[in-house]
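The shown structure was predicted, so the numbers you read here are calculated from the model rather than taken from an experiment.
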Amino acid sequence: MAYSWFKAFHIIGFVVWFAGLFYLVRLFIYHVEANQEPEPARTILKNQYQIMEKRLYNIITTPGMLVTVAMAIGLVSTEPDVLKESWLHIKLLFVTLLIGYHHYCSRLMKKLAVDECRWNSQQLRALNEAPTVMLMVIVLLAVFKNNLPTDITAWVIFASIILMAVTIQLYAKKRKRDKEKLEAQIGQVVQEQS
């Protein structure tokens, strides 16, 4: 019975954790893009994003991570032989990378707060896809365990990364075209009024 409770709250924990990680970097993107706004909007937006980032990180994301890790320890305590399984070693490697990513987000958040972040919005969009890849690997390992078809999995993950990169590039081009179109329309209106 304890195993089922640990497993249920482990799943709840990682859903909360990933939701927080996905949204946190999205806030970083908006925070960086606020620099393009005129004053006073720039300051207002940046202050609001900073508040939202801190609350999300401290009230949702970090507790989600702690519940995930605590429940994983509970799961292992009910079945200690699982520590001998190679799939779990690989999963733990990816969880360790994810914890590193979590803490790196804290570092980025602090840099954003003092205007020292050197990441642009497109780079942050790419960074935002890292937990997606880690989630895929972690879930596939948890489901398939030692029966994970590594060749197919590698191709699926590689294709997913390529798809994400292409999508980010296409979105950047669309945003650039939309901005140019808007500037042209504004220029046309100003010219007509002159």
Side-chain angles (χ1 to χ4, degrees), residues 1-29 52-110 119 121-171:
M1 183 65 119
Y3 179 86
S4 296
W5 283 105
F6 288 137
K7 187 172 186 178
F9 280 96
H10 180 67
I11 292 168
I12 291 166
F14 81 71
V15 168
V16 170
W17 186 18
F18 274 95
L21 288 175
F22 291 143
Y23 190 51
L24 185 63
V25 179
R26 176 61 50 193
L27 288 174
F28 293 168
I29 293 165
M52 293 169 71
E53 292 158 3
K54 283 182 183 177
R55 288 180 182 166
L56 179 63
Y57 187 83
N58 294 322
I59 299 172
I60 296 173
T61 312
T62 298
M65 176 190 69
L66 294 174
V67 168
T68 301
V69 172
M71 294 303 107
I73 292 168
L75 282 167
V76 169
S77 73
T78 62
E79 293 185 3
D81 287 344
V82 75
L83 287 172
K84 298 173 186 171
E85 300 288 335
S86 59
W87 69 269
L88 184 63
H89 299 161
I90 298 167
K91 179 183 173 189
L92 291 175
L93 170 68
F94 278 92
V95 171
T96 302
L97 290 172
L98 190 63
I99 291 170
Y101 177 89
H102 177 98
H103 290 294
Y104 185 72
C105 285
S106 173
R107 186 172 170 211
L108 277 178
M109 189 170 58
K110 290 173 186 169
W119 289 73
S121 63
Q122 190 167 357
Q123 291 168 326
L124 286 168
R125 281 183 174 83
L127 179 69
N128 199 32
E129 301 306 328
T132 304
V133 174
M134 288 186 258
L135 176 64
M136 288 172 53
V137 173
I138 290 167
V139 169
L140 289 171
L141 284 164
V143 170
F144 286 98
K145 299 185 178 5
N146 286 326
N147 297 320
L148 181 66
T150 53
D151 52 343
I152 295 170
T153 302
W155 281 109
V156 167
I157 291 170
F158 178 74
S160 298
I161 292 169
I162 297 298
L163 181 63
M164 290 174 206
V166 168
T167 302
I168 290 167
Q169 292 299 320
L170 290 173
Y171 184 70

Please list, one pair per line, the donor and acceptor atoms closer than 3.5 Å that link side chains of residues 2-21 to other protein atoms, with sequence neighbours excluded.
{"residue": "H10", "atom": "ND1", "partner": "T68", "partner atom": "O", "Å": "2.9"}
{"residue": "W17", "atom": "NE1", "partner": "H102", "partner atom": "ND1", "Å": "3.0"}

For residues 149-159, tabulate all N or O donor-acceptor pairs below 3.5 Å that involve a side-chain atom, not counting sequence neighbours.
{"residue": "T153", "atom": "OG1", "partner": "P149", "partner atom": "O", "Å": "2.7"}

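A distance-only check finds no donor-acceptor pair linking the side chain of K84 to the backbone of D81 [under 3.5 Å]. Of the possible donor and acceptor atoms, one in the side chain of N58 sits under 3.5 Å from a partner among the backbone N and O of K54.
Sorted by first then second residue, the salt bridge (charged side-chain N to carboxylate O under 4.0 Å, His left out) pairs that include residues 122-138, not counting sequence neighbours, are E33-R125. Judged as a side-chain hydrogen bond (donor to acceptor under 3.5 Å, both in side chains), the pairs with a partner in residues 159-171 (not counting sequence neighbours) are, in order, Q122-Q169. Sorted pairs that involve residues 134-144 and meet side-chain hydrogen bond (donor to acceptor under 3.5 Å, both in side chains), not counting sequence neighbours, are lacking altogether. Counting only residues at least two apart or on different chains, no ring pair (Phe, Tyr, Trp, His ring centres under 6.0 Å) pair has a member in residues 61-91. For residues 123-146, the set of pairs meeting the ring pair (Phe, Tyr, Trp, His ring centres under 6.0 Å) definition, not counting sequence neighbours, is empty.
Between the CD1 atom of I90 and the CD1 atom of I138 there is a distance of 12.0 Å, given to the nearest 0.5 Å.
Side-chain contact between V133 and M164 is present, with heavy atoms from C-beta onward closer than 4.5 Å.
For E79, there are no side-chain hydrogen bond (donor to acceptor under 3.5 Å, both in side chains) partners, not counting sequence neighbours. A search for side-chain hydrogen bond (donor to acceptor under 3.5 Å, both in side chains) contacts involving Y104 returns W119, not counting sequence neighbours. The side-chain contact (heavy atoms from CB on, under 4.5 Å) check on V143 picks up V139, with sequence neighbours excluded. With sequence neighbours left out, L83 forms a side-chain contact (heavy atoms from CB on, under 4.5 Å) with V76, L88.
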